[in-house]
Amino acid sequence: MPADATSFVGRKHDVAEVKRLLADARLVTLSGVGGVGKTRLAVRVAAELRRAFPDGVWIVELADLSDPDLIVHTFLKSLGVHDDTDRNHTTVLVEHLRDRHILIVLDNCEHLVDACADLVDLLLRVVPRLRVLATSRERLGIDAEHLRVVSPLPLPDPHRPLPVGAGGIYPSMMLFAERACAVDSDFAITPFNQDQVAQVCHLLGGIPLAIELAAVRLRVLTLDHLLSRLDDTYRVLASGKRGGLPRHQTLLAAVDWSFRLCTRAEQTIWARASVFAGSFDLGAARTVCAGEGVPGTDVLDVLSALIDKSVLVREPHDRYRLLEPLRQFGMDKLRDAGRERVLRERHRDHFVALAEQSEHDWFGPQQPNIFARTRLDHANLRAALDFCFDSGDVRAAQHLAGTLWFYWSGCGFLAEGRHWLERALAASSEPSPERAKLLWVNGYVATLQGDLSAAVRVLEECRRYSRDVGDEASLAYSTHKLACTTLVGDDLDVADQLFGEARNRYRSLGLVNSNTMLAVIELAIAATFQGDFDRAEKLCEEACAVGEEHGEQWAYAYAIYVRSLCHWARGDLAYADELGRDCLRIKRTFNDLLGIVLGMELLAWISASRGDGTRAATLLGATNQIWQSVGYPMFGSRYFGAPHGDCETATIEQIGEAAFRLAFRAGMDLSRDDALTYAIGDVPPEPAEARIGNDTPLTRREQEVADLIAGGMSNKEIAAQLVIARRTAEGHVERILQKLGFTSRAQIATWVTERRN
């Protein structure tokens, strides 16, 4: 759950009421005008209910999503469930939730209300201990729903004199004062200005977002001036509207007033930035939003000014985000001006260019940065793809989906990649270079998912097209990827032939990149399975030399994996183990689950060969969980699968059935980060059953972490003390908070102290 960036004012009764509703109802929807505080209320309620839900409270944010087909993907990602198989993802979600006692906050449903309603209705029917707290401007409309309208903050009665100290009585005035103090530390509500503050809050209808937008104007306006300008604006806006302004018009008026107080450049950037989904960086803002009155050199200053006015929020990694109601307002301004399509085209073109540059730079030392940046721009890439389809530009959609092959296949997004690739293929069957690339990329992704029949079908189509039109590059790539299907399909002779053909085609074209490296590495795997270790080593040395020359790491790690495989097969176990760990260190950088699970499997085999049955069993348990997220275990291949079976048999012989099952279970219970830390650093995991006592839910390691928190240590210091990764320490802290139902480290420290006494 996100932490509150500012204090939570005036919702004590609402929190209590929503908690009461959730005690009886399985779906509660918070409805109300934009900016009224639905999300803040939902997050606060969820935080206070942590202890009531043993399997946690989770937030699923939908504001940045426009494709209803990706709602389930978003659920899984938000719940920390990674599944890149070709299984039905609704089934995966149901299986994950079925036995859990869990609360899900489903935030910003209104633009996807039908799809949200269908999914929530299904989940509530099949997951008996699930509760859902939704926020939406309209109800979901299913039988289990209880609606709670979130009202604006309470206001003083305008027909009665204000009592002394009104600023500490009425939540709307309290909020105004707090936000005003943030920009003017000398501001305070006094008997001399409380009437003016009350009038401001009345004009703004008690809507929190409207109050915050007005309060930050005290940076440049006096309270008298602020009230005067607001009053004039509202009189004009309210004229001719019988009965005054409804609440949604009140917020619109407040936002419009704030917009009018912006400079022309600020208004322009506000409106243009509304085309971004999620966050964006300065480079994107300059490319998409600059021009026609706003020079690129001025964009940073304008963004800073919008942050000062609480229109933009600054996020980590030097990124910016428009608050959702303000983004929608900005989009309305673009539409009214007839500029929406132009800006969305700029947005598309920027992210297509970014994807193209990333694909080019992927073969080089910038790979880790490209992975990180592409993940940050994930929502924008989705938006660009959606616009391509919505605008009927199928070629552009096919081009972008194919260009992102490195992200789909290399960074742990096989399932979503397959979604976009299949959608782009279905949009047009007309032969083209863009479709040819889609075909071989989709064939590769399908192979990695274990869907070999689909992979062969699209790869053969690509090969036919390539031969017909003389597209030598597509023919080389599709031949290479077809070889992959025969490799995991255990037809080593055909695989050897096709890999050789692909390599020759790559050479004749002068192509050198991550894919050409993989063709050499995969040929080495085939040689290894055929027992030709000398040839396999020579091929890996060739691939490693290319990787080292160009600074390529992702494919290079697979070459290290095959070298480890060779040394294990030859009995050089110490060096094989060292290479296997090196492979995992690199694959961890990219979240490449296929590379991670293959590396961990190999380390399990090596451990069994070294007589370390407990480590082998633990690693097998960890890989068992990851394989379920990636695809068919060991691709269903007998060459990959035979060592797995031999490892399990040898391990049971070494430590016995009972000890094997215990260690295997301990491996299954590890988080992915903890499993990687264990595999790389040889840190012994603690069995789930190993508790420090019957009166605490914490494991011994978690109790150690709690004790160090009580001693005042930071996560970094805890990691150093326990010789674990910082991310592992952070994971322990999060699980302690969840298990104890706490929200802060201070509560953990207090709990530890009380137990000692």
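Hydrogens, waters and symmetry mates are skipped; everything else that's a heavy atom, side chains included, is used. Computed from a predicted structure; not experimentally measured.
Although no hydrogens or angles enter the test, the distance criterion places no donor-acceptor pair under 3.5 Å between the side chain of Q194 and the main chain of V164. Judged by distance alone, the side chain of R179 and the main-chain N or O of L213 form no donor-acceptor pair under 3.5 Å. Without hydrogens or angle criteria, R327 side chain to S274 main chain gives a donor-acceptor distance under 3.5 Å. E110 places a side-chain N or O within 3.5 Å of a backbone atom of R137 that can act as its donor or acceptor partner. In this structure, the side chain of R26 does not engage the main chain of E145 through any donor-acceptor pair within 3.5 Å. Between the side chain of S136 and the main chain of N108, no donor-acceptor pair closer than 3.5 Å is present. A distance-only check finds a donor-acceptor pair linking the side chain of H111 to the backbone of L62 [under 3.5 Å]. Looking at E717, its side chain does come within 3.5 Å of a backbone N or O of S714 through a donor-acceptor pair. Distance alone, capped at 3.5 Å, places no donor-acceptor pair between the W58 side chain and the L106 backbone. For the pair R148 (side chain) and L30 (backbone), a donor-acceptor distance under 3.5 Å is absent.
Atom CD of E416 sits about 6.5 Å away from atom NE2 of H73, to the nearest 0.5 Å. D107 CG to L133 CG: the interatomic distance, rounded to the nearest 0.5 Å, is 9.0 Å. For the atom pair OG of S258 and CD of Q267, the computed distance is 10.0 Å after rounding to the nearest 0.5 Å. For the atom pair Y320 OH and L306 CG, the distance stands at 10.5 Å (nearest 0.5 Å). Summarising the geometry, atom SG belonging to C289 is positioned 14.0 Å from atom CH2 belonging to W270; distances are rounded to the nearest 0.5 Å. Here the CG-CD distance, from L376 to E315, works out to 9.5 Å after rounding to the nearest 0.5 Å.
Nearest heavy-atom pair across A144 and L124 is CB-CD1, 3.9 Å. The nearest pair of heavy atoms linking L230 to V200 is CD1-CG1, 3.8 Å. Shown here for F351 and A384, the closest heavy-atom pair between the two residues is CB-CB, 4.3 Å. For S358 against T374, the heavy-atom pair with the smallest separation is OG-OG1, 4.4 Å. For A290 against R346, the heavy-atom pair with the smallest separation is O-NH1, 3.2 Å. In terms of heavy atoms, K38 sits closest to T135 at O-CG2, 3.8 Å.
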Starting from the C-alpha separation in whole Å, work towards a yes-or-no answer on salt bridge (Lys or Arg N to Asp or Glu O under 4.0 Å) for D298 and R286.
CA-CA 9 Å; D298 291 352; R286 282 178 171 156; over 6 Å; no
Begin from the C-alpha positions of L79 and I102 and carry the test side chain to side chain contact (heavy atoms under 4.5 Å, CB included) through to its verdict.
CA-CA 11 Å; L79 292 167; I102 190 170; 4.1 Å; yes
Test log, rule side chain to side chain contact (heavy atoms under 4.5 Å, CB included), inputs D64 and T74:
CA-CA 10 Å; D64 300 334; T74 305; over 6 Å; no
Test side chain to side chain contact (heavy atoms under 4.5 Å, CB included) on D332 and R335; report intermediate values, then the result.
CA-CA 5 Å; D332 288 340; R335 288 174 181 150; 3.7 Å; yes
Go through the steps for V733 and N715 under the test side chain to side chain contact (heavy atoms under 4.5 Å, CB included), then give the verdict.
CA-CA 8 Å; V733 173; N715 288 345; 3.4 Å; yes
Given the rule in the salt bridge (Lys or Arg N to Asp or Glu O under 4.0 Å) test, do D14 and R40 qualify, once you have shown the distances and angles that lead to the verdict?
CA-CA 11 Å; D14 293 294; R40 288 290 301 273; over 6 Å; no
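No more than 12 heavy atoms of other residues, nucleotides or ligands shown are found within 6.0 angstrom of CG on D318. Enclosure of atom CG in D336 by more than 12 non-hydrogen atoms of other residues, nucleotides or ligands within 6.0 angstrom is indicated.
The six-membered or imidazole ring of F276 lies near that of H347, with a centre-to-centre distance under 6.0 Å.
A donor-acceptor pair shorter than 3.5 Å cannot be found between the side chains of N380 and R348. Using modelled atom types, one finds no donor on one side chain facing an acceptor on the other under 3.5 Å when comparing E212 with S310.
Residues I307 and V313 form no side-chain contact, since every pair of their non-hydrogen atoms from C-beta on lies 4.5 Å or further apart. The shortest distance between side-chain heavy atoms of I709 and V752 does not fall below 4.5 Å. Using a 4.5 Å heavy-atom cutoff, the side chains of L162 and Y170 are in contact.
Salt bridge E340/K333: absent, no basic N to carboxylate O contact under 4.0 Å.
Paired with E266 under the rule salt bridge (Lys or Arg N to Asp or Glu O under 4.0 Å), one option of R272, K309, R260 passes, and it is K309. Screening V342, L322, L334 against V275 for a side chain to side chain contact (heavy atoms under 4.5 Å, CB included) leaves a single residue, L334.
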